[in-house]
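Chain letters run A, B, ... following the sequence lines, proteins first, then strands; residues in each count from 1. Keep in mind that what you see is a predicted model, and the values were worked out from it rather than measured. The figures here come from the full heavy-atom set of this structure, side chains too, leaving out hydrogens, waters and symmetry mates.
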Protein chains: 2
Amino acid sequence: MAAANDQQDIKREKILEASYQRFLHYGYSKTTMNEIAGDLSMSKALLYYYFPDKSQLYIAVMRKLANDYLKTLENRSGTFADLKEAFTFQVNTHHEFIVSNYNFFDFFRLNEQNLPDDIWQIVGEVHGTELKLLSDAIKAEVEKGTIKAVGNPEEVVDVLIDALHGIRVGAISQKKTNFPRKEHLEEIHAKKLLLVDIFIKGLMY
Amino acid sequence: MAAANDQQDIKREKILEASYQRFLHYGYSKTTMNEIAGDLSMSKALLYYYFPDKSQLYIAVMRKLANDYLKTLENRSGTFADLKEAFTFQVNTHHEFIVSNYNFFDFFRLNEQNLPDDIWQIVGEVHGTELKLLSDAIKAEVEKGTIKAVGNPEEVVDVLIDALHGIRVGAISQKKTNFPRKEHLEEIHAKKLLLVDIFIKGLMY
DNA sequence: TTTTTGATAGTTTTGTTAAAAAAGTCAGGA
DNA sequence: TCCTGACTTTTTTAACAAAACTATCAAAAA
């Protein structure tokens with residue numbers, strides 16, 4: 001099963017890496033298959049030998065990013081001293097993930113609506129895992145007796161995740177742009193930490 | 001000063017009312033100045049006598065809506081038994097406002113980015129007033145001693161308002177559309193109430 | 001048999017232009 | 001001062017050709 005075809009897997013990885021760099025710097029619509037092929041000194045046709053089409057290539061890169069992100073979260077899961085640490089870690093990890101891959105998600109800003117279903121599937125997996133990890137953290141605390149029983153941990157976490165998503169930039173009367181600008185990410189991050197702080201207290205006895 | 005020109009003001013009001021109906025039913029881009037004029041049995045040119053252009057007309061309607069909305073909030077301000085009542089009233093009023101004017105905001109969905117500055121000014125005014133009313137509510141509770149002193153009430157309310165904005169539709173893995181669909185508004189409303197509930201507790205002793 | 005490519009077919013984006021529709025103006029009438 | 005019909009200007013739409021890019025395929029290379 002393993003190493004069924006090393007060479008092929010290695011090449012696939014190389015393609016993913018080159019594509020990631022292009023997508024990261026120029027975004028989806030501004031990178032062409034020719035450019036990726038050029039970076040790898042291979043023919044464009046070969047890309048199509050390894051990946052069915054451009055969007056599937058992008059999605060494969062995205063899946064890899066998502067897996068790395070989730071692995072980071074999962075690795076520390078269950079090792080937290082308290083709820084606040086667990087939630088803060090999630091917010092910080094998410095923040096770093098967005099900051100370091102900011103341009104990559106260019107695709108989202110442009111395509112906004114009607115993204116391919118595979119993308120939504122990844123988003124769903126990520127959301128589902130975040131939901132599971134955080135609600136597990138809540139359940140653990142409930143068992144420890146640190147916080148009161150929460151009616152429905154999943155529901156509570158779902159609301160928190162949504163709420164965190166909603167944190168945008170802007171003191172009063174500033175334009176709240178739809179997709180956050182890069183220079184606002186730090187401010188947003190700080191506000192998220194404040195929200196988590198209050199929210200956690202709201203779950204305590 | 002008052003009644004400087006009754007006739008003119010009345011006509012302006014009539015124009016605003018007719019425009020509101022058109023914008024509400026057909027949205028900004030699908031209503032023409034000719035149609036509005038037709039509804040009022042007046043010439044299109046007359047519209048331009050009362051309003052400089054189409055977007056200013058739309059903005060004037062919007063300003064009126066915003067004023068009504070804020071008046072509703074202000075009228076009840078200071079009459080609440082506790083913080084939760086104050087915040088819940090704000091969420092409910094906002095919900096009703098969005099539901100009953102849903103199609104009107106069509107303009108936002110299309111123009112998403114780069115809206116005229118006047119619009120952002122109104123949004124800013126609304127946000128500022130919401131912020132003031134809710135942080136006043138917090139300050140009142142702090143004085144009553146019901147809750148502990150909050151470092152910076154304005155900051156806390158700002159985060160809450162942002163968080164409420166972030167509440168979108170979707171259980172796990174559902175597509176979270178950018179601008180909420182009408183059929184999701186009830187679900188969103190319920191989630192907002194849950195968030196407010198937890199958030200308020202987070203502010204308590 | 002698997003991997004790779006040059007040539008090419010097919011599709012999407014971009015640019016151009018003309019016609020239609022709508023926005024916006026104005027001289028003049030009540 | 002309030003109002004209108006006729007007019008001008010601007011924006012939207014449709015059609016279409018050129019360019020750019022995606023995607024395919026037969027055949028060469030390994």
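- Listed by chain and number, the residues in a ring-ring contact (aromatic ring centres under 6.0 Å, His included) with A/Phe80 are A/Phe89 (sequence neighbours excluded).
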Pairwise N/O distances under 3.5 Å, protein to nucleotides 28-30 of chain C:
none

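- When the C1' atoms of four end pairs are superposed on the next four at each end of the helix from C/dT1-D/dA30 to C/dA30-D/dT1, using five pairs per end, the two resulting axes differ in direction by 40°, to 10°.
- Judged as a side chain to side chain donor-acceptor pair (under 3.5 Å), the pairs with a partner in residues 45-55 of chain A (not counting sequence neighbours) are, in order, A/Asp53-A/Ser55.
- Residues that satisfy the ring-ring contact (aromatic ring centres under 6.0 Å, His included) test with B/Phe87, not counting sequence neighbours, are absent from this structure.
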List the protein contact pattern of nucleotides 6-12 of chain C with one symbol per nucleotide (5' to 3'): B for base contact, S for sugar-phosphate-only contact, - for none; contact means a heavy-atom distance under 4.0 Å.
-> B------

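- Taking the side chain to side chain contact (heavy atoms under 4.5 Å, CB included) definition, one finds that B/Asp68 meets it with nothing, sequence neighbours left out.
- Against DNA chain C, the stretch residues 50-57 of chain B makes heavy-atom approaches under 4.0 Å through B/Asp53, B/Lys54.
- Under the rule for a ring-ring contact (aromatic ring centres under 6.0 Å, His included), A/Phe51 has no partner lying at least two apart in sequence or in another chain.
- For A/Phe23, the ring-ring contact (aromatic ring centres under 6.0 Å, His included) criterion is met by A/Tyr28, A/Tyr58, not counting sequence neighbours.
- Near-neighbour residues of DNA chain C inside residues 16-25 of chain B, defined by a heavy atom below 4.0 Å, are absent.
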Can B/Lys84 and B/Glu141 be said to form a salt bridge (Lys or Arg N to Asp or Glu O under 4.0 Å), step by step?
-> CA-CA 11 Å; B/Lys84 185 170 178 183; B/Glu141 292 295 311; over 6 Å; no

Hey, what are the protein-to-nucleotides 27-30 of chain D N/O distances that come in under 3.5 Å?
none

